[in-house]
Structure formats: C-alpha cells, structure tokens
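Report on the following structure.
Keep in mind that what you see is a predicted model, and the values were worked out from it rather than measured.
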Amino acid sequence: MPIGFRAFLDIERPDPALIEAYREIPSSNIGDCVKRMNCMFGGIRAYNKLRVLGPAFTVKVPAGDNLVAQMALDYAMPGDVIVIDGAGYTDRALVGGMMLAYAEERKLGGFVVNGAVRDLDDIQASPLPVYALAATPLGPYREGPGEVNVPVVCGGQVVMPGDLLVGDSDGLVVIPRRDAPALLDAVHRNLSMEQNEMRRMKDGSYTEAEHREIFTSAFLKRGGSFV
C-alpha cells in the first residue's frame, strides 16, 4: 500500500448516544473545559450557520486536488463529518454544490475544509453544515494522491479519525474520541453555571461585589495595582 495514496476504512467512532449528548452544548463552553486547547482557529468559519456534530472522517489531499475527498464520500458512514486537510490552500475549491448534494444523499454530517469551497448558494441552502477557510469559483484538480482516515491538521488542530467535532457560529472544537465521555459532565456543569450567572445578571441579582471578588482579586493576585 503506497504511503500517500491509501485509504483506511475501519475506524472507531464515539457511541451515538454520547455524540447526541453534545448536541446542545455550545462550542465555547467545550473550549473552556479543554483549557482553550482544542479550538480551531486561523479563519475556519461556518458558511451556512449550521451546527456540526459528528465523528471525523479525515481526508488529506494535495493543495487544490480533491480526487480522494470525492472518493471518501462513498466510504463515510451516515453522520460522519468529512474533515479535509487541503494544506490551507485557498486558490481552488475542494468542496462544491455537487459534492454537497451527494453527501446529503448519503446522510453525511457535513464538511470541515482546511482550504476553500465554492457554490455558496448551494451551501447556504443545504441542510449540511460546511466550514472552511475561504470561497473561490475555481474548481479542483482530480489527480491525487491523498489519504483517508489518517491524522490531519485543520484550523491549527490535529484531528484523528473518529474524534468528535462540535461546531456552531463561534467555531469548531475537536474532542479526542477517548476524552469525550469524561468531558461530558464537565461541559454540562460549565454550561449550567454560566446560564445561572447570566440569569442573575439579567434579573439584577448578580452583585458588583461578586464580580469584583472574581476579577479584581485575580488582578491583584497577579501583581496588578491601582494608581
């Protein structure tokens, strides 16, 4: 099997019930609970404002070539999120309306592209989430090589096959598959605490003294002073 031109099809995915348990959790709360370490950055953003939730089916391709990404659509399972590492190249689109339509037919979970997309009208009308770096009308080459279900880099984060992706209007978080069960309780606690404080701020019961205790105390403990 030639290195650089191969596909690994047998991957482990999180339990479907565990995936579903993350559905209503904002990416920002998850980011807080992983110490801001697993959030994608560098310009990857939602192109149709839809949440993404599902296991990563990873694809690594050369700049501007989507042969292997096209092939991967036939081997991903329903709900899988196709994560394409196109080396951050944005002069040629790796995903467009036709790929998106076929992914819808196969009930896939969406696309995250370290590169460009095109056919924005189709993307914005689609029920599948699409995240990418940029848009361009230029299409890709289809020559290869490429690899399926290998470690990839997207938005500054390493994504392994089967890792759980959670994304919304704020951006994307990568949850390593092995960490997803233990992290769930922490993110629920974080969200509950944040929602409670927001409610108190809006009804006027959150006091200035409480806010000062948190932030002025931290300012002073870190060496700050008032002049």
So Pro140 and Asp65, do their side chains get closer than 4.5 Å, heavy atoms only? no
The side chain to side chain contact (heavy atoms under 4.5 Å, CB included) partner of Leu191 among Met193, Gln195, Arg189 is Gln195
Taken in chain and number order and not counting sequence neighbours, the residues that satisfy side chain to side chain donor-acceptor pair (under 3.5 Å) with Tyr89 are none
NZ of Lys107 to CE of Met77, rounded to nearest 0.5 Å, is 12.5 Å
Those residues at least two apart in sequence (or on a different chain) that pass side chain to side chain donor-acceptor pair (under 3.5 Å) with Asp10 are none
Original post:
Is the number of heavy atoms from other residues, nucleotides or ligands within 6.0 Å of CE (Met71) greater than 12?
Top reply: yes
Contacts of Thr90 meeting side chain to side chain donor-acceptor pair (under 3.5 Å) (sequence neighbours excluded), chain-then-number -> none
### Task
Verify, without hydrogens or angle tests, whether Asn48 (side chain) and Leu128 (backbone) share a donor-acceptor contact under 3.5 angstrom.
yes
- Query: Do you see a donor-acceptor pair shorter than 3.5 Å between the side chains of Arg45 and Tyr131?
  - Reply: no
Problem - Backbone of Val117 reached by a side-chain donor or acceptor of Tyr47 within 3.5 Å - result: no
Next on the checklist: With a 4.0 Å cut-off on N to O distance, would you call Asp168 and Arg51 a salt bridge?
Outcome noted: yes
* To do: Run the salt-bridge test on Glu147 and Lys60 with the 4.0 Å N-O cut-off and return the result as yes or no.
  => no
Closest non-hydrogen atoms of Val52 and Gly109, given as atom of the first, atom of the second and distance, are CG2-O, 4.0 Å
Nearest heavy-atom contact between Pro151 and Pro161 is N-CD, 4.4 Å
Between Gly97 and Asp119 the two heavy atoms that sit nearest each other are N-OD2, 2.7 Å
- Hey, does Asn29 have a side-chain heavy atom less than 4.5 Å from the side chain of His188? no
Between Phe219 and Phe226, is the ring centroid distance below 6.0 Å? yes
Next on the checklist: With no hydrogens and no angle check, just 3.5 Å: does a side-chain donor-acceptor pair link Asp74 and Tyr102?
Outcome noted: yes
Val166 vs Ile25 side-chain heavy atoms within contact, under 4.5 Å: no
dist Ile175:CD1 -> Cys33:SG (nearest 0.5 Å) comes out at 9.5 Å
Rounded to the nearest 0.5 Å, the CD atom of Gln124 sits from the CG atom of Leu120 at a distance of 5.5 Å
Check: Leu133 and Asn114 side chains under 4.5 Å, non-hydrogen atoms: yes
Problem - Sub-4.5 Å side-chain heavy-atom contact between Val59 and Val83 - result: no
Checklist entry - Do Arg177 and Met160 come close enough that some side-chain heavy atom pair is under 4.5 Å? => result no
Query raised in the report: Side chains of Leu172 and Cys39: does their closest heavy-atom pair fall under 4.5 Å?
Result: no
(Q) Walk me through whether Arg199 and Tyr206 qualify under side chain to side chain contact (heavy atoms under 4.5 Å, CB included). (A) CA-CA 9 Å; Arg199 282 193 296 268; Tyr206 185 87; over 6 Å; no
